[in-house]
Amino acid sequence: MILHTLGYVNVMSDRTKKLGEYDKEFVWHPFTQMKEYGDKDPVVIETGEGAYLIDTEGRKYIDGVSSLWVNIHGHKVPEIDNAIKEQVDRLSHSTLLGVTNPPAAELAKRLIDICPSGLKKVFYSGDGASAVEVALKMAFQYWQLKGRPEKTKFICLENGYHGDTLGAVSVGGIDLFHSAFEPLLFETYQAPSYYCYRCPLSLAYPSCGLACAGRIEEILKEHHDEVAGVIFEPYVQAAGGMIVSPPGYLKKVREYCDQYDVLMILDEVATGFGRTGKMFACEHEDVTPDILVLGKGMTGGYLPLSATVTTERVYSAFLGDYDEFKTFFHGHSYAGNPLSCAASLGNLDAFENNSTLHNLQEKIKYLEDELKEFTGLKHVGDVRNKGFMVGIELVRDKDTQEPYAPGMKMGWKVADLAMEDEVLIRPLGNVVVLMPPIGIPMDDLKKLLRVTYNSIKKATEENSNTST
Ligand code: PLP
């Protein structure tokens with residue numbers, strides 16, 4: 001097996017070769033066309049250091065998408081490493097059904113301290129999708145317990161993504177991922193995406209007056225009696241293509257939820273833990289949701305852990321005598337896992353010790369200045385970001401906004417070129433995504449941006465005459 005890198009050809013070590021063979025023979029990778037995967041040389045990531053991932057051949061890559069949006073401070077963070085090591089010596093797991101453990105209790109207190117005011121109770125799960133399921137079931141049962149059993153429906157957004165379990169897919173809005181499962185899903189009301197570059201209402205901000213939010217009100221006006229909640233990703237529809245909402249959207253939807261008495265569920269699985277420049281995206285507009293969903297960055301990108309955080313109002317509806325059966329009958333085996341919760345405490349310690357959010361502001365400013373350069377590229381149609389969540393949308397024709405045909409795999413062409421320059425990124429269709437660890441040192445951020453710029457330029461110039 002031959003390994004192509006940096007323009008020269010290496011002979012792959014026997015170990016990498018063997019691991020690659022095991023991988024290809026036995027592993028089915030998520031969101032991966034395995035027919036194509038088999039044609040490629042494997043990249044076997046073995047270690048991490050700061051913003052870098054290092055493979056079994058010793059090549060160092062900048063972790064340009066935070067190991068799929070989870071990593072926060074970088075790899076090998078002393079606070080998190082030590083928290084896990086110390087916890088392993090005490091206890092690795094004990095159930096949260098009816099008993100507790102120190103990291104789970106302490107973490108819940110610290111999460112409530114940093115969450116928007118009004119949020120009081122933490123329900124733990126493992127992955128983001130599970131925490132979304134919890135949010136949906138919690139909202140659904142809440143209305144039953146409040147004597148409003150007809151409130152069973154959810155409003156969600158086109159281009160929304162909340163994970164891959166069936167409830168989460170039901171409230172998702174990405175046809176490519178979701179349409180195959182249509183017959184298995186429950187019905188929802190879908191409002192338009194807040195996608196200004198390709199406005200589904202053919203309007204322009206700010207003269208639109210946030211008409212996309214207005215559509216939510218129209219649905220509520222007609223159907224609020226049967227709506228349990230509105231669920232969406234605040235400020236950035238991440239998997240939908242790093243689509244950034246215009247300011248004011250969030251607050252407006254909060255007002256509609258209050259006006260029509262439905263629960264507001266904000267999915268901050270991707271946006272949470274500093275990614276948008278504040279600890280949580282909803283802080284940009286001082287909005288407290290009724291249910292906040294957290295995951296991904298919660299452990300700094302170390303271990304699976306998620307949470308569904310809610311208010312006293314929602315929580316107290318579930319209180320009653322044993323035989324009233326108001327209990328929330330939902331739980332996962334590893335809920336509140338002590339190792340994951342210890343990692344999450346280490347993550348919060350690292351935020352404090354490194355003044356992460358404070359230091360991030362300068363990096364966001366630098367990033368935004370540099371991104372202006374990208375808009376000058378011939379095939380860059382839109383450059384958008386909220387904090388460290390960046391989407392660079394490539395188009396075949398800038399004037400008409402005509403997208404590249406999927407078969408051109410333009411996003412992947414860019415990512416493959418970046419890989420040759422030791423930058424690891426993963427696109428979403430024609431959108432080049434950057435979401436480095438927020439703790440990335442400035443020099444590495446500079447390299448990430450330079451390599452991405454050059455890769456876009458090269459990939460689009462090389463393919464500018466191709467039409468398929
Ligand atoms: N919600 C949002 C906004 C996400 O971006 C994701 C994953 O990308 C999820 C939920 C699902 O999280 P997980 O992959 O941990 O199940």
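As the structure lists them, so they are numbered: ligands from 1, and atoms in each ligand from 1. Throughout, residue positions are numbered sequentially from 1 according to the sequence presented.
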Notebook entry, point to check: Taking only residues at least two apart or on different chains, which pairs with a member in residues 285-309 satisfy salt bridge (Lys or Arg N to Asp or Glu O under 4.0 Å)?
Noted result: Arg254-Asp290, Asp290-Arg313

Nearest protein heavy atom to [atom], by residue and atom, and its distance?
atom                    : answer
atom 4 (C) of ligand 1  : Tyr161 CD2, 3.8 Å
atom 12 (O) of ligand 1 : Gly128 CA, 3.3 Å
atom 7 (C) of ligand 1  : Lys296 CE, 3.2 Å
atom 16 (O) of ligand 1 : Ala129 N, 2.9 Å

Next item on the list: Could you tell me how the ring of Phe273 sits relative to the ring of Phe351: parallel (under 30°), tilted (30 to 60°) or perpendicular (over 60°)?
Entry: tilted

Check: Hey, which atoms in ligand 1 end up nearer than 4.0 Å to a heavy atom of Glu233?
Finding: 3 (C)

Next item on the list: Check ligand 1 against Asp267 and write out every atom of the ligand that is under 4.0 Å from a heavy-atom position of the residue.
Entry: 1 (N), 2 (C), 3 (C), 10 (C)

Notebook entry, point to check: Does Ser344 reach the main-chain N or O of Ser340 with its side chain, forming a donor-acceptor pair under 3.5 Å?
Noted result: no

Item checked: Backbone N/O of Gly167 and side chain of Glu133: donor-acceptor pair under 3.5 Å -> yes

Next item on the list: Would you sort out whether Phe374 and Tyr453 count as a ring pair (Phe, Tyr, Trp, His ring centres under 6.0 Å), showing the intermediate values?
Entry: CA-CA 7 Å; Phe374 286 65; Tyr453 181 93; 5.3 Å; yes

